[in-house]
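First listed ligand is number 1; within each ligand, the first listed atom is number 1.
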Amino acid sequence: MDRIRIVGRRPLQGTIRISGAKNATLPLMIASMLTDQTLILDNVPRLADVNLLQRILGNHGVDIMVSGKRPGETALDGQTLHISAANIVDTTAPYELVSKMRASFWVIAPLVARMGEARVSMPGGCAIGTRPVDLLILALERLGAQIEIDGGYVVARAPNGLKGGEISFPKVTVSGTHTALMAAALADGETLIENAAREPEIADVAECLNKMGARIVGAGTERIVVTGVPKLNGARHRVLPDRIETGTYAMAVAMTSGDVVLEGARPELLQAALDVLGEAGVGIAKTNEGIRVTKNGTGIAPVEITTQPFPGFPTDLQAQLMALMTRANGTSHITETIFENRFMHVQELVRLGAHIHLDGEKATIEGVEKLKGAPVMATDLRASVSLVIAALAAEGVTMVNRVYHLDRGFERLEDKLSGCGAAIERISG
Ligand code: EPU
């Protein structure tokens, strides 16, 4: 198993290219199943999760061709996928695959909408919480699907097609909103989605679906209206930049008192996080290339945040902010409201010398003057990268184990950081 070795205390300086968003790429790839024509996606990040979803979709008969590099392109340019779901050969998504990546459960929506049936394994719990799928099922039921739970599988049937309806989510859910949008796109009649998630990735998927011929109005707001169409077509779409990758590197720069341009980043995708960094004393400026992040040596001011659905502070940046606050000049408070168990990084940060007290969903972080390198590991993607951030500021060597979590969601992390002066290397085996 690969590990990452970091020698801390070097300021990051230079430019980091921001990749396409993982959490838009995955639903966009799944949305390709709504049409028998080719969907072309540009700016797709090279990530383990993208490769895994490619295999999962292949099981349903989806063909994916990856374009070769064009002249002038570097290894850091996103890839282009040509996705064709001309023939769906299997409407079952087995446990062995869905349990490896929760988002693959979302294939249930295009399968039932286009094929009239889907049999998809329930994903089970995961490292950050119980993560049920009841609201995805509710959305499909509101559109007329008959649902049965059979041997760990959700079986959804709509032999005469789905019918438009009203879906009012009792809780804001990204997965529920993606499911509702995809299913409603091919339903007969109008669907109203209320209390929809407003994450930029929802708007990006809706924009792509509209290019494919869907009629979706209001994506990115809490009220979305979808007028179903009988058939969707092929289209070409560029994946939006990854706001979580952007925020992660911004925090890494702040942690090392660096000066880095995050190329291709869009500030409006993570304004809440940038505002918090501003409060902490980090310089944030919009430039023609993206966002410039600067931090002088005057120390980090403590902050108080609560994770919220977009446009609030994202849960996917909670661990990274906590790493930054381990070195603040004072006490910070972080409350996690989205996932009940998303604090696995706490004990590992403590191993590096952080002072953190956990009380249910609240973490109190007392800033310390210095962190010291140690072997660490984490069991999810964002927790793992928070350890990298801490290691960049720690004295001596930190060895981050279980690097495969990082590979799921951060493209060429060690290349991007070493390109800005970090002493970071991957050790194979
Ligand atoms: N929830 C339910 N029932 C449901 C669905 C969700 O109770 O049927 C709950 C969840 O358990 C959670 C809350 O609602 O407590 C929010 O879940 P949501 O559906 O919004 O999250 P998700 O779609 O499963 C996506 C991202 C996550 C990100 C969350 C929140 C993808 C592939 N995943 O998950 O990303 O944390 O939205 O923004 O888009 C990550 O990238 O590391 C990651 C975990």
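- The CZ atom of R131 sits 11.0 Å away from the CD1 atom of I338 when rounded to the nearest 0.5 Å.
- In terms of protein heavy-atom proximity, atom 20 (O) of ligand 1 is nearest to V174 N, 2.7 Å.
- Of the listed residues (T173, T179, D242), the one carrying the non-hydrogen atom nearest atom 6 (C) of ligand 1 is T173.
- Protein heavy atom nearest atom 42 (O) of ligand 1, with residue, atom name and distance: R382 NE, 2.9 Å.
- Every N/O-N/O distance between T315 and ligand 1 stays at or above 3.5 Å.
- Checked by distance only, ligand 1 and I128 stay at 3.5 Å or farther apart across all their nitrogen or oxygen atoms.
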Fill in: Test log, rule side-chain hydrogen bond (donor to acceptor under 3.5 Å, both in side chains), inputs E117 and T91
CA-CA 7 Å; E117 62 166 41; T91 54; 2.9 Å; yes

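- Residues E304 and S332 have side chains that never bring a donor and an acceptor to within less than 3.5 angstrom of each other.
- At the shortest separation from atom 8 (O) of ligand 1 among protein heavy atoms lies L135 N, 2.7 Å.
- At a 3.5 angstrom cut-off on N or O pairs, D380 does not count as close to ligand 1.
- With respect to atom 14 (O) of ligand 1, the closest heavy atom belonging to the protein is K171 CE, 3.5 Å.
- Counting the atoms of ligand 1 from 1 in the order shown, those under 4.0 Å from a heavy atom of L381 are 42 (O).
- Taking every non-hydrogen atom of K22 and a distance limit under 4.0 Å, the qualifying atoms of ligand 1 come out as 40 (C), 41 (O).
- Remark: the S418 side chain and the E425 side chain contain no N/O donor-acceptor pair separated by less than 3.5 Å.
- Inspection of the H345 and Q318 side chains reveals an N or O donor paired with an N or O acceptor under 3.5 Å.
- Here the protein heavy atom with the shortest distance to atom 44 (C) of ligand 1 is R342 NH2, 3.4 Å.
- Looking at H82 and D63, their side chains never bring a donor and an acceptor atom within 3.5 Å of each other.
- Looking at N23 next to ligand 1, an N or O pair under 3.5 Å apart turns up.
- In F169, neither the side chain nor the backbone holds a heavy atom less than 4.0 Å from any atom of ligand 1.
- For atom 23 (O) of ligand 1, the closest heavy atom belonging to the protein is S175 N, 2.8 Å.
- For ligand 1, one of its N or O atoms has an N or O atom of I338 under 3.5 Å away.
- Among all protein heavy atoms, the one lying closest to atom 1 (N) of ligand 1 is P132 O, 4.2 Å.
- Ligand 1 has an N or O atom lying under 3.5 Å from an N or O atom of R131, backbone or side chain.
- Protein heavy atom closest to atom 27 (C) of ligand 1, with residue, atom name and distance, is D316 OD2, 3.8 Å.
- With rounding to the nearest 0.5 Å, the separation of CG in D242 from CG in L262 is 11.5 Å.
- A donor-acceptor contact closer than 3.5 angstrom links the side chains of S19 and K416.
- Close approach of ligand 1 to W106 (heavy-atom distance below 4.0 Å) involves ligand atoms 23 (O), 31 (C), 32 (C), 39 (O).
- For ligand 1, the polar-atom distance check against F339 finds no nitrogen or oxygen pair separated by under 3.5 Å.
- Checked for salt-bridge contact, K211 and E207 meet the test: a charged N lies under 4.0 Å from a carboxylate O.
- Without hydrogens or angle criteria, R46 side chain to D77 main chain gives a donor-acceptor distance under 3.5 Å.
- T331 and E366 share no donor-acceptor pair across their side chains, judged by distance under 3.5 Å alone.
- A cation-pi arrangement is found for R119 relative to Y153, the charged atom lying closer than 6.0 Å to the ring centre and inside a 45° cone about the ring normal.
- Atom numbering of ligand 1 starts at 1 in the shown order; those under 4.0 Å from a heavy atom of V133 are 8 (O).
- Looking only at side-chain heavy atoms (C-beta outward), L143 and K163 stay at 4.5 Å or farther from each other.
- For A103, no nitrogen or oxygen atom sits less than 3.5 Å from a nitrogen or oxygen atom of ligand 1, counting backbone and side chain alike.
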